[in-house]
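Beneath this line is the structure, given in structure tokens, with notes to follow.
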Number of protein chains: 2
Amino acid sequence: MDPKQDNDGFQPLDREGLVQRVARLLSKAIVTGQLSQGERLSESVVARQLGVSRAPVREAARLLENSGLVTYLPNRGFFVRSITARELADLYEFRLVIETAAVRRLIRDGMGESGPRLVQQIEEMRRVAGPGFDMLTQVEADMEFHRLICAGSGNPKFLATFDQIAMESELTIMMIGRLYDDAQKLADTHQPILDAMLRHDEPEAVEALRYHIEVARDLVVEQFRNMEEKPD
Amino acid sequence: MDPKQDNDGFQPLDREGLVQRVARLLSKAIVTGQLSQGERLSESVVARQLGVSRAPVREAARLLENSGLVTYLPNRGFFVRSITARELADLYEFRLVIETAAVRRLIRDGMGESGPRLVQQIEEMRRVAGPGFDMLTQVEADMEFHRLICAGSGNPKFLATFDQIAMESELTIMMIGRLYDDAQKLADTHQPILDAMLRHDEPEAVEALRYHIEVARDLVVEQFRNMEEKPD
DNA sequence: GGTTTGCCGATTGTCGACAATTTCCTTGAC
DNA sequence: GTCAAGGAAATTGTCGACAATCGGCAAACC
């Protein structure tokens with residue numbers, strides 16, 4: 001209850017609110033697999049463990065619900081969401097729809113700042129593809145590329161929706177335990193999309209994106225199915 | 001997971017919690033204009049007025065935030081969202097993207113039950129187009145048509161996202177005060193979309209949908225702009 | 001033996017109170 | 001008269017407590 005007593009230096013200043021901190025903690029715990037699928041997320045237990053009251057925990061859980069990380073059942077509480085192969089495929093289809101629309105707008109309205117940012121992000125992906133970086137970092141770099149596409153579209157709705165569903169993909173990928181055999185290959189896969197975009201070649205960019213996402217979908221869904229059949 | 005067997009006449013009884021009731025009340029108040037744009041939505045005041053504590057009001061407000069009806073500012077509270085013409089246009093673009101994808105899937109995977117349901121919904125729209133029905137009813141009938149398209153798509157994400165943003169369109173239309181000059185004409189506008197869908201004519205259906213939504217967008221956005229310039 | 005019924009512990013739903021923060025109004029200096 | 005500093009009032013943030021509800025277990029019944 002006293003997270004502020006005289007730090008004579010300057011701490012990042014907690015202006016972030018207890019709710020956000022709890023939400024971030026929980027989402028990280030879920031994405032990294034500390035909390036397993038279908039597991040109950042008791043308000044009281046979490047609150048006790050974190051040393052806060054139930055109110056902020058409850059609100060944080062509601063936030064995660066919107067991100068699809070937890071499910072809420074009335075009078076039962078929150079549960080770590082268990083995703084099915086079908087839902088996973090639906091998720092990728094949805095991402096394809098949104099990102100395709102975003103790419104179209106991006107090309108038509110001019111790329112602006114997004115061009116350099118995307119180039120930069122692919123470099124970032126290649127950088128963290130090397131040894132010494134954990135998979136979460138690699139997955140996040142991947143996601144950021146797609147996020148940048150939505151962000152640059154000029155329609156905030158695209159980005160907002162992408163953010164809402166991004167964590168679900170991330171969660172599943174982390175759950176599967178590996179993305180591709182090679183993170184370097186993953187980074188390269190994004191290049192054709194960006195190349196086409198920079199050429200203002202809309203059909204090719206859309207096609208490259210479709211190919212990219214469908215390949216990712218097939219890989220993830222297939223590995224997910226395998227995992228479902230023989231858990232651990 | 002089968003809530004349909006042994007229904008000898010008992011429906012699950014409205015286990016609707018306090019939160020949902022409050023949320024519905026508030027959203028209705030906003031959509032019907034009882035609460036005006038930008039107005040503060042004080043937790044304490046609402047709680048006092050409804051005779052409940054702040055907790056359910058707060059949760060209800062968070063729900064409305066996801067629907068885009070209210071904005072939340074940390075340490076400031078909830079405010080009835082004020083939408084700009086730009087956001088309105090973005091909203092319609094987003095709807096176009098989602099509904100187009102839904103129509104495509106609907107046609108490709110077979111319409112199933114959705115065909116008759118859509119026919120029925122257009123009839124409903126025509127029915128409430130007559131005198132004696134208020135605009136809210138007419139707008140809701142319109143929305144339901146588009147909602148059915150998303151619902152039938154087979155991808156729950158489409159529907160979920162549509163529901164999240166539908167209220168925003170509804171809100172704005174109500175704010176403007178009239179939809180078209182003639183609700184009858186509005187109902188008819190949906191016919192070409194449905195016709196093409198029933199013929200499994202994907203390009204034509206997509207085109208009809210695009211035309212329909214863009215016309216609606218232009219009308220709504222224009223009237224909205226007029227209203228912005230000379231309020232009341 | 002198998003089903004129903006009533007209890008019990010645990011968890012969520014709601015509440016009122018207090019602490020922290022913001023907002024607004026007052027006050028005073030220039 | 002204008003503006004800044006300060007404080008009062010109002011509002012949100014968080015808390016702990018109590019009521020309502022759920023799932024499971026054991027006793028009671030056929």
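Each chain gets a letter, A, B and so on, in the order the sequences are listed, and its residues count up from 1.
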Would you classify B:Ser42 as touching base, sugar-phosphate or nothing, given that sugar-phosphate means primed atoms plus P, OP1 and OP2, and contacts are heavy atoms under 4.0 Å? sugar-phosphate

Grab the CZ-C1' distance between B:Arg58 and C:dA17 for me, whole Å please. 15 Å

Quick one: is D:dA10 close enough that its OP1 or OP2 comes under 4.0 Å of any side-chain N or O from B:Ser44? no

Measure CZ/A:Arg21 against P/D:dG13 and give the value in whole Å, please. 14 Å

Output the rounded distance in Å from CD (B:Gln20) to P (C:dG13). 10 Å

Separation of atom CG in B:Leu73 from atom P in C:dT21, rounded to whole Å: 17 Å

Which nucleotide sits closest to the side chain of B:Leu18: D:dC22, D:dG13, C:dC15? C:dC15

Lys/Arg N to Asp/Glu carboxylate O, A:Glu222 vs A:Arg225, below 4.0 Å: no

Under 3.5 Å, sequence neighbours excluded: what are the donor-acceptor pairs made by side chains of residues 159-167 of chain A?
{"unit_1": "A:Thr161", "atom_1": "OG1", "unit_2": "A:Lys157", "atom_2": "O", "d": "2.8"}
{"unit_1": "A:Asp163", "atom_1": "OD1", "unit_2": "A:Arg147", "atom_2": "NE", "d": "2.8"}
{"unit_1": "A:Asp163", "atom_1": "OD2", "unit_2": "A:Arg147", "atom_2": "NH2", "d": "3.1"}

Under 4.0 Å between a side-chain N/O of B:Arg76 and OP1 or OP2 of C:dT23, yes or no? yes

B:Glu43 atom CD is separated from C:dG16 atom C1', nearest whole Å, by 14 Å

B:Arg48: which residues meet the side-chain hydrogen bond (donor to acceptor under 3.5 Å, both in side chains) condition with it, sequence neighbours left out? none

Under 4.0 Å, counting only non-hydrogen atoms across every strand here, what does B:Arg54 touch: a base, just sugar-phosphate, or nothing? base

Give a yes/no on whether any side-chain N or O of A:Ser53 is located under 4.0 angstrom from OP1 or OP2 of D:dC15. yes

Which part of the nucleic acid, if any, lies within contact of B:Tyr72, taking any heavy atom under 4.0 Å across all strands shown: a base, the sugar-phosphate backbone alone, or nothing? sugar-phosphate

Salt bridge check, B:Arg217 against B:Glu93: does any charged N sit closer than 4.0 Å to a carboxylate O? no

At under 4.0 Å between heavy atoms, what does B:Val45 touch on the DNA or RNA strands: base, sugar-phosphate, or nothing? nothing

Whole-Å distance between C:dC24 P and B:Arg40 CZ? 8 Å

Would you mind reading off the distance between A:Glu39 atom CD and C:dT11 atom C1', rounded to a whole angstrom? 16 Å

